[in-house]
Structure formats: structure tokens, C-alpha cells
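Below: one structure, written as C-alpha cells.
Here the structure is a predicted model, which means the values were calculated and not measured.
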Amino acid sequence: MGLRFGVIADTAEECAEGLALLARLAQLGVEVTVVQRPAQIAGDRWMARADGDL
């Protein structure tokens with residue numbers, strides 16, 4: 001089963017922390033692959049994306 005995750009944060013550091021939390025899903029058997037590293041989007045917001053597979 002495919003899953004898609006998005007992280008939106010105020011800073012690049014917070015965005016990276018969000019991705020690190022997603023990596024903890026491996027403990028539940030979800031394989032998470034980062035498909036978009038943290039990038040600044042409109043204004044001062046940051047976004048990253050990851051895909052997961054059960």
C-alpha cells in the first residue's frame with residue numbers, strides 16, 4: 001500500500017525534524033523514502049515530501 005507524507009514547517013530545521021519523525025515509522029514496518037528534501041516555498045514556509053510503502 002502506498003502512502004504519501006508531507007511536512008510543512010516554519011524553518012528548515014523544523015522541516016528536517018518532521019522528516020526524522022516519519023523515519024520512526026520503520027518501527028511499524030513502513031518503509032519511508034524522502035522524495036523532496038526541505039525546500040522553501042511561498043513566504044517563509046518550508047516543505048518536504050516522503051513516500052511510504054507497507
Might you work through the side-chain contact (heavy atoms from CB on, under 4.5 Å) test for Leu19 and Val34, ending with a clear yes or no? CA-CA 8 Å; Leu19 285 176; Val34 175; 4.3 Å; yes
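- Scanning both residues, Gln40 and Gly43, for their nearest heavy atoms gives NE2-O, 3.4 Å.
- Counting non-hydrogen atoms of neighbouring residues, nucleotides and ligands closer than 6.0 angstrom, the CZ atom of Arg45 exceeds 12 such neighbours.
- Counting only heavy atoms from C-beta outward, the side chains of Leu3 and Asp51 never approach each other to under 4.5 Å.
- Under the 4.5 angstrom side-chain criterion for Ile, Leu, Val, Met, Phe, Trp and Tyr, the cluster partners of Ile8 are Ile41, Met47.
- Note on Leu54: it does not cluster hydrophobically with Val35, by side-chain heavy-atom contacts below 4.5 Å among ILVMFWY residues.
- Around the CD atom of Glu31, the shell of radius 6.0 Å holds no more than 12 heavy atoms that belong to other residues, nucleotides or ligands.
- Here the side chains of Val30 and Asp53 are not in contact, with every heavy-atom distance at 4.5 Å or above.
- Of all heavy-atom pairs between Ala50 and Leu22, the closest is CB-CD1, 4.1 Å.
- Among all heavy-atom pairs drawn from Glu14 and Ala9, the shortest one is CB-CB, 3.6 Å.
- Rounding to the nearest 0.5 Å gives a distance of 15.5 Å between OG1 of Thr33 and CZ of Arg49.
- When all heavy atoms are compared, the tightest approach of Ala16 to Pro38 is N-CG, 4.2 Å.
- Using a 4.5 Å cut-off on side-chain heavy atoms (C-beta onward), Leu25 and Phe5 make contact.
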